2 protein chains.
Amino acid sequence: MEKTEAVAALAALAQENRLDVFRLLVQAGPDGLSAGHVATALGLAPNTLTFHFDRLRHAGLVTCRRAGRSIIYAARFDAMRTLLAYLTENCCQGTESCAPDACVPAKPARRKAKETV
Amino acid sequence: MEKTEAVAALAALAQENRLDVFRLLVQAGPDGLSAGHVATALGLAPNTLTFHFDRLRHAGLVTCRRAGRSIIYAARFDAMRTLLAYLTENCCQGTESCAPDACVPAKPARRKAKETV
DNA sequence: CCGACATTTCAAAAATTATTGAAATGATCC
DNA sequence: GGATCATTTCAATAATTTTTGAAATGTCGG
């Protein structure tokens, strides 16, 4: 991942409304939500929301597709993972300062027997 | 983690120079680097760097301590992990859209027998 | 085709953020 | 104590970003 992309993605997330939007989409899963649904859920003006969607989309963090007269936005999970990996690249000089538990699923599947201390 | 903190941390990272600074500190490990060392490494004016350090510090992403006439800055790995976890909270509705490989260590220690495919 | 709805576009104003240069602080060396 | 080095503070300017309101586009149902 290039630095420019990472900055774009972080800048896209570094705003209260957009962070709300993105997390809502992340929690909604791959199927996404309509623009109107998001606007209602978060209480944002539709044109303001378009502006924020645009920034998220240009940052590569969401995709959109038309469905009838609505437009459905969805989080790009691959982009999110790439970003997280970029932040921790070559981290901690081999020390264990950085634990790998980045994904906290809604439904905890099953815990491993024991972590590598 | 509160939304406000997350926005602060993301905003702190959403700037080219600060992202460089933070990643340099992340790669330097828990011991950190002096302000001057960072300034030289990245070619930044010392007062500009102070401004950026301040933002990183207020966002809780770095700590600083004095050592002689230098001041040593270090990444806060705990804060980084908390932020990453916040982004992926309750993610993907149980689908596997979000993989857990957030930490890519500099020196690959030893590979586990087999990854969970 | 017309009316209603969902979303986007455009332009301007308001707010926030980054960089700069000069001067101040604090620690060390002689 | 005075010179020197490392970093910070302060104030001003420059640049970017967010919000707003009004009008436009595209889609559907009758």
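Below, read A as the first sequence line, B as the second, and so on, with proteins coming before strands; counting in each chain starts at 1. It should be emphasised that the depicted structure is a prediction, and the values quoted were computed from it without experimental measurement.
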To the nearest 0.5 Å, atom CG of A:L61 lies from atom OH of A:Y73 at 13.5 Å
With no hydrogens and no angle check, is any side-chain donor or acceptor of B:R55 less than 3.5 Å from a backbone partner on B:A11?
no
Output field dot_bracket for DNA chain D (Watson-Crick or G-U, both distances under 3.5 Å, | for other-strand pairs) contains ||||||||||||||||||||||||||||||
Of all heavy-atom pairs linking A:A28 and A:L33, the shortest is CB-CG, 3.7 Å
Outer limits of DNA chain C sitting under 4.0 Å from a non-hydrogen atom of chain A, read 5' to 3', are C:dA4 to C:dT9
Q. Salt-bridged, B:R81 to B:D78, with N to O below 4.0 Å?
A. no
Sub-3.5 Å donor-acceptor pair from the side chain of A:R76 to the main-chain atoms of A:R57, do we have one? no
Contact check, residues 61-70 of chain A vs DNA chain C, heavy-atom distance under 4.0 Å, returns A:R69, A:S70
(request) Could you check B:M80 against B:F22 for side chain to side chain contact (heavy atoms under 4.5 Å, CB included), going step by step and ending with a plain yes or no? (result) CA-CA 10 Å; B:M80 179 173 70; B:F22 184 72; 3.8 Å; yes
One should read off an interatomic distance between A:R18 CZ and A:L25 CG, to the nearest 0.5 angstrom, of 13.5 Å
Please tabulate, one pair per line, all N/O donor-acceptor pairs under 3.5 Å involving side-chain atoms of residues 34-46 of chain B, not counting sequence neighbours.
from	atom 1	to	atom 2	distance (Å)
B:S34	OG	B:H37	N	3.0
B:T40	OG1	B:G36	O	3.0

Ordered by number, residues from residues 37-56 of chain B within less than 4.0 Å of DNA chain C (heavy atoms) are B:N47, B:T48, B:F51, B:H52, B:R55
CD of A:Q15 to CZ of A:F51, rounded to nearest 0.5 Å, is 8.0 Å
For this session: For the pair A:T63 and A:I72, evaluate side chain to side chain contact (heavy atoms under 4.5 Å, CB included) and give the outcome as yes or no after the intermediate values.
Result: CA-CA 8 Å; A:T63 54; A:I72 310 291; over 6 Å; no
**Request:** Check the pair A:F53 / A:L49 against side chain to side chain contact (heavy atoms under 4.5 Å, CB included), numbers first and verdict last.
**Result:** CA-CA 6 Å; A:F53 273 143; A:L49 187 57; 3.4 Å; yes
Taken to the nearest 0.5 Å, the spacing of B:K3 NZ from A:L19 CG works out to 7.5 Å
Distance col, row B:D54:CG vs B:C64:SG, nearest 0.5 angstrom, shows 8.5 Å
Scanning both residues in full, the closest heavy-atom pair of B:A74 with B:G32 reads CB-CA, 3.8 Å
In this structure, OG1 of B:T88 is separated from CG of B:L83 (nearest 0.5 Å) by 9.5 Å
Note: contacts of residues 6-16 of chain A with DNA chain C (heavy atom, under 4.0 Å) are none
